[in-house]
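Everything on this sheet refers to the single structure shown next.
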Amino acid sequence: MTILETPRLSLRQMTPDDLPALKRTLQDPIAMTAYEHAFSDQEAQDWLDRQLARYQKDGFGLWAVLSKETGQWLGQCGISMQNWEGRMVPEVGYLFERVHWHHGYATEAAMACRDYAFEVLKLDEVFTIIRDTNLPSQRVAERNGMTRRETGIRHYYGIDMPHYLYSIRREEWKK
């Protein structure tokens with residue numbers, strides 16, 4: 001089921017059949033640099049299971065991003081509730097297969113998800129949480145109209161990782 005479309009992309013809920021495509025990103029150590037490790041088979045399955053559960057619980061989550069021209073899996077982008085410093089925030093997140101980097105897909109999908117958050121979900125503010133060393137993702141957030149608001153520490157796999165919290169508020173958003 002298609003959730004939203006852009007000129008080049010179609011975003012839909014992931015299904016169990018998407019696991020092999022999902023693993024191409026989650027098990028790529030370069031694509032997963034911000035997480036400090038490539039995922040195991042079980043971690044990839046858990047990631048997919050979390051998205052499927054989010055669709056049921058929240059009505060949204062990370063969605064499969066496909067090329068409208070070819071139908072090919074490019075990556076994932078969507079909105080998920082994330083814990084930031086003890087509060088839950090709706091995050092526009094994106095993670096693309098490395099072969100599809102530098103084509104503007106992350107920015108295009110993230111902008112569509114931002115608009116969906118404001119237009120469909122009627123949210124007042126949407127966020128993106130990005131590791132301090134992830135400059136390409138920070139540029140995507142900035143192209144998405146977001147401003148860096150806070151700095152915090154996330155704990156992954158026993159490692160303290162500085163992160164930035166970016167956001168855009170409804171009143172700053174110009175459709």
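One-based numbering along the sequence shown.
In terms of modelled atom types and a separation under 3.5 Å, the side chain of Trp173 and the main chain of Asp115 share no donor-acceptor contact. Checked by atom type and distance alone, the side chain of Glu108 pairs as donor or acceptor with a backbone atom of Arg8 at under 3.5 Å.
Residues Met32 and Leu48 fall within the same hydrophobic cluster, defined by Ile, Leu, Val, Met, Phe, Trp and Tyr side chains chained together at heavy-atom separations under 4.5 Å. By the rule that hydrophobic residues join a cluster once side-chain heavy atoms approach within less than 4.5 Å of another member, Ile153 and Tyr166 end up as members of separate clusters. Hydrophobic clustering (side-chain heavy atoms under 4.5 Å, transitive across Ile, Leu, Val, Met, Phe, Trp, Tyr) keeps Phe127 apart from Met88. Trp101 and Val99 are not part of a single hydrophobic cluster, where members link through side-chain heavy atoms under 4.5 Å apart. In terms of hydrophobic clustering, with Ile, Leu, Val, Met, Phe, Trp and Tyr side chains grouped at heavy-atom distances under 4.5 Å, Leu165 and Ile79 are assigned to different clusters.
Remark: Glu150 engages Arg87 in a salt bridge, criterion side-chain N to carboxylate O under 4.0 Å.
Counting heavy atoms from C-beta outward, Val89 and Ser167 have side chains that stay 4.5 Å or more apart. In this structure, the side chains of His163 and Trp84 come closer than 4.5 Å at one or more pairs of heavy atoms. Under the 4.5 Å side-chain criterion, counting only non-hydrogen atoms from C-beta, Leu26 is in contact with Trp47. Between Arg169 and Thr147, every side-chain heavy-atom pair lies at or beyond the 4.5 Å cut-off. When side chains are defined from C-beta on, Lys122 counts as touching Arg170, because their heavy atoms get closer than 4.5 Å. In this structure, Tyr164 and Asn134 have side chains that are not in contact, with every pair of non-hydrogen atoms separated by 4.5 Å or more. For the pair Lys23/Pro20, no side-chain contact is recorded, criterion being any heavy-atom separation below 4.5 Å from C-beta on. Two residues are said to be in side-chain contact when any heavy atoms from C-beta on lie closer than 4.5 Å; Phe60 and Ser80 fail this criterion.
Separation of atoms CZ (Arg114) and OG1 (Thr128) is listed at 10.5 Å; rounding is to 0.5 Å. Note that the CG atom of Asp46 and the CG atom of Asp41 stand 11.0 Å from one another [nearest 0.5 Å]. Between the CG atom in Leu95 and the CD atom in Gln76 there is a gap of 5.0 Å [rounded to 0.5 Å]. Taken from CG in Leu9 to CG in Leu4, the straight-line distance is 9.0 Å, to the nearest 0.5 Å. Put simply, CZ on Arg54 and CG on Leu62 are 6.0 Å apart, with the number rounded to the nearest 0.5 Å. Taken from CG in Asp132 to CD in Gln138, the straight-line distance is 7.5 Å, to the nearest 0.5 Å.
For Gln13, the side-chain contact (heavy atoms from CB on, under 4.5 Å) partners are Ile3, Tyr55, Trp63, not counting sequence neighbours.
Nearest heavy-atom pair across Cys113 and Gly78 is SG-CA, 3.6 Å. When all heavy atoms of Asn144 and Ile168 are compared, the closest pair comes out as O-CD1, 3.9 Å. Of all heavy-atom pairs spanning Val65 and Cys77, the tightest one is CG2-N, 3.5 Å. Between Met146 and Val126, the shortest heavy-atom contact is CE-O, 3.8 Å. Closest approach of Glu43 and Ala38 over heavy atoms only: OE1-O, 4.1 Å. The two residues Asp18 and Ala64 have their closest heavy-atom pair at OD2-CB, 4.4 Å.
Listed by first and then second residue, the side-chain hydrogen bond (donor to acceptor under 3.5 Å, both in side chains) pairs involving residues 88-98 are Arg24-Glu97, Asp28-Arg98 (not counting sequence neighbours).
More than 12 heavy atoms of other shown residues, nucleotides or ligands fall within 6.0 angstrom of atom CD in Glu171. Shown here is Lys68, whose NZ atom has more than 12 heavy atoms of other residues, nucleotides or ligands within 6.0 Å.
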* **side-chain contact (heavy atoms from CB on, under 4.5 Å) between Thr25 and Phe96, worked out** => CA-CA 7 Å; Thr25 301; Phe96 283 78; over 6 Å; no
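In this structure, Phe39 and Tyr35 have perpendicular ring planes: the angle between them is above 60°, well past the 30° mark.
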